[in-house]
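Down below is the structure, laid out as structure tokens.
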Amino acid sequence: PADLFISSNPQWVEYLVDEKRVAPDMVRILAGNSLALVGTSEKVLRQMTDLAALDRIALGSPKSVPAGRYAKQALEAAGLYKSLQAQGRLVLARDVRQALVYAERGEVEAALVYVTDAAIATRASILMRVPQELHSPVLYPVALTLSGQDNEAARDFYRFLQGDRATKTLRDAGFVLP
């Protein structure tokens, strides 16, 4: 049970709407994000096809990690996913933070992560931003559940998340606002 649900995958919120756990008019886009390729490499990357020169690239597992699904879409759009996968050069991580850790430790030449995760890296830096047209928009919907509509604190927090203070915090963290 939950009063409020925030996700990096709009499909999960759509599922809750379909299951009548969330009223459609209680769903808002809280923020957006984008992908970046991060690493400790000195290689210059200007376009997605430059990734073909990298030995190992980490990304979240596309089957269970939203960032991994976006990364897979971008690699497919660039015509790289199948060849990198067939050559065993993709390292699938359990989540986006693990992919970042692999890049920080130098265990991979690069990792595809959210820009907001790249911002917290201590050793890795952004090697290249992934063109947003190569993947679905990265959106974070927030939804007040049906049970949350009866909880005054949940309603207050839902409104707070859409206010100026939360907006500033999200922007400062690198999120894109709707």
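Fair warning: this is a prediction, and the values are worked out from it, not measured in the lab.
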Q: Applying side-chain hydrogen bond (donor to acceptor under 3.5 Å, both in side chains), run through Gln98 and Tyr102 and close with a yes or a no.
A: CA-CA 6 Å; Gln98 185 178 45; Tyr102 290 157; 3.1 Å; yes
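Ala99 approaches Gly60 most closely through the heavy-atom pair CB-N, 4.3 Å. The two residues Ala143 and Val13 make their nearest non-hydrogen contact at CB-CG1, 4.2 Å. Contact record, Pro66 with Trp12: CG-CH2, 3.9 Å, taken as the closest heavy-atom pair. Contact record, Ala23 with Gln149: CB-NE2, 3.6 Å, taken as the closest heavy-atom pair.
In this structure, CG on Leu134 lies 9.5 Å from CG on Leu35, to the nearest 0.5 angstrom. Between atom CZ of residue Arg105 and atom OG1 of residue Thr40 there is a gap of 13.0 Å, rounded to the nearest 0.5 Å. The distance from the CG atom of Leu16 to the OG1 atom of Thr145 is 9.0 Å, given to the nearest 0.5 Å. Atom CG of residue Asp55 and atom CZ of residue Arg89 lie 6.5 Å apart, to the nearest 0.5 angstrom. Leu84 contributes atom CG, which lies 5.0 Å from atom CG of Leu90 (distance to the nearest 0.5 angstrom). To the nearest 0.5 Å, atoms CG (Leu30) and CZ (Phe175) are separated by 8.0 Å.
The neighbour count for Asp164 CG, taken as heavy atoms of other residues, nucleotides or ligands under 6.0 Å away, does not exceed 12.
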